[in-house]
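The next block holds one structure in the form of structure tokens; read it before the comments.
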2 protein chains.
Amino acid sequence: MDQVVSAGAATEDGMTASASGRERLLTAAAEEFSRHGYAGASIAAIAGRAGVGKSTIFHHFESKDALYLAVIEGAAGEFARTLDQVLDLDRDVHDSLEQFQVAHLRHLFRNAKVASLVLRELRGEGPGETAGKVRDVVAGNFQRLVEYLAAIRGRGGIREDVDPQVAALTMLSVNAFAFQCRDVLREFPGLDISGDPDQFATAITDLVVRGLNVGPEAEGDKA
Amino acid sequence: MDQVVSAGAATEDGMTASASGRERLLTAAAEEFSRHGYAGASIAAIAGRAGVGKSTIFHHFESKDALYLAVIEGAAGEFARTLDQVLDLDRDVHDSLEQFQVAHLRHLFRNAKVASLVLRELRGEGPGETAGKVRDVVAGNFQRLVEYLAAIRGRGGIREDVDPQVAALTMLSVNAFAFQCRDVLREFPGLDISGDPDQFATAITDLVVRGLNVGPEAEGDKA
DNA sequence: GTCTATAATTCGATAGAC
DNA sequence: GTCTATCGAATTATAGAC
């Protein structure tokens, strides 16, 4: 998929020409789609940014839809591979969840452009046609976390009366929302997640795993 | 907000003509702004939807900016009044937080149009000019929750090593994100928050307050 | 309604790798 | 020689202006 490596100067943007045409197209498409939305991004602009002719796009991808989907599937697939390493039933629950949370937030920042696309899609603001497929791809990764939580719950790793779906949604929501609002949050001294995403992810994990409570037994010892 | 009740037929949409011109303009503006964004919403369209002349808008509001801000401040102010009732230091912590979470999610659904505007603003996608003021308004309500959490932490109501800002952000994030994605979530049997927002808010509160853990003492007593 | 601009897609040809 | 990546030109669809 990326075996063609010819030397080459940088094209527009910071993109190196060393990546294969297909890879460059995916990068350029992510940029254009996230900047202008699906409809607003033109094949011509994507081709221009990638430094190839328009028709080259249709050699690599069936259609504009297919290109859009490929961009999203690329990032989702990469994250799925991360999940294989992180969601390990044999490891400590707290550690696994912390690793998950850190990996997820890192993934959002590393793939900020595509992440914005996916989040827009989840908000229902995407191009109606591809919506279904995008959701399926994302739902796959979501389901992975849900099943992991269900499995450790079966082993007594977490409370029995928590819904794995609700717990999974909570963990992902905080990351997704904080990522979306990272610019505003930068103005809050304690919430600048852009500065240190890992620390934020760790704090969230601690909160979700241990809860706000001082503990079941310390219920009535306050002022 | 709905005390003016004079007889009157419905204008376009489902809007009743019973509200004052100013109120009708705010409703119409919320609709148009959330539908087409700040730039895309025209004064003419807003006036038309409210059933008034264009010049009436500038009688009630200084400018398009001011109208936009008024829409947002209206909803934020209403929520601030709810906070007065909900964030009561004399009540049980879990109950207060649950009431907060329920009230917040209800507020998002009841003011869905304006909420979408505010969320867009927090993502940094709004009209640059008003961004600062919108953030201030929202930050005010956010700060209220943070200070409440800090206060009960001072009394030993919650763990000392949780950051009130992080906890507040977590609670709000889940609601905001779930609200944003309510259409997709409808496809998940256990996550249809539109169907029963209160139940969802309750589940989230339980998770945040008690955590996933089986408890400090019950660490190893399962199958 | 026609005209025009813009955007997606197709076609035919070329150049280089194996 | 075939296969693949590429391109420029041609074709179709659509949306807005007049």
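Throughout, protein chains are lettered first and strands after them, A, B, ... in sequence-line order, and every chain is numbered starting at 1.
For the pair A:R24 CZ and D:dA5 P, the computed distance is 13 Å after rounding to whole Å. Look at NE2 on A:H36: it is 16 Å from P on C:dT6, rounded to the nearest Å. At whole-Å resolution of the value, CD in A:E32 and C1' in C:dA7 are 14 Å apart. Atoms CZ (A:F61) and P (D:dT6) sit 10 Å apart, rounded to a whole Å. Rounded to a whole Å, the CD1 atom of A:I43 is 16 Å from the C1' atom of D:dT6. As rounded to whole Å, 14 Å separates atom P of C:dA8 from atom OH of A:Y68. We find that CD1 of A:I57 is positioned 17 Å from P of C:dC11, with the value rounded to whole Å. A:H60 places its NE2 atom 16 Å from the C1' atom of C:dT10, with the value rounded to the nearest Å.
Listed by chain and residue number, A:R186 satisfy the side chain to side chain donor-acceptor pair (under 3.5 Å) test with A:D183 (two or more places apart in sequence, or in another chain). With sequence neighbours left out, the salt bridge (charged side-chain N to carboxylate O under 4.0 Å, His left out) criterion links B:R182 to no other residue. A:E187 is linked by a side chain to side chain donor-acceptor pair (under 3.5 Å) to B:R135, counting only residues two or more places apart in sequence or in another chain. Under the salt bridge (charged side-chain N to carboxylate O under 4.0 Å, His left out) criterion, A:D161 pairs with A:R159, B:R210, not counting sequence neighbours. Taking A:K54 as the reference, nothing meets the salt bridge (charged side-chain N to carboxylate O under 4.0 Å, His left out) condition, with sequence neighbours excluded.
The existence of a salt bridge linking A:R144 and A:D84 is confirmed by a sub-4.0 Å separation between a basic side-chain nitrogen and an acidic carboxylate oxygen.
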task = Between protein and nucleotides 7-18 of chain D, map the contacts as a letter string: B base, S sugar-phosphate only, - none, heavy atoms under 4.0 Å, written 5' to 3'.
result = BB----------
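Residue-level contact check: A:A41 touches the backbone only, with heavy atoms under 4.0 Å from sugar-phosphate atoms and none from bases.
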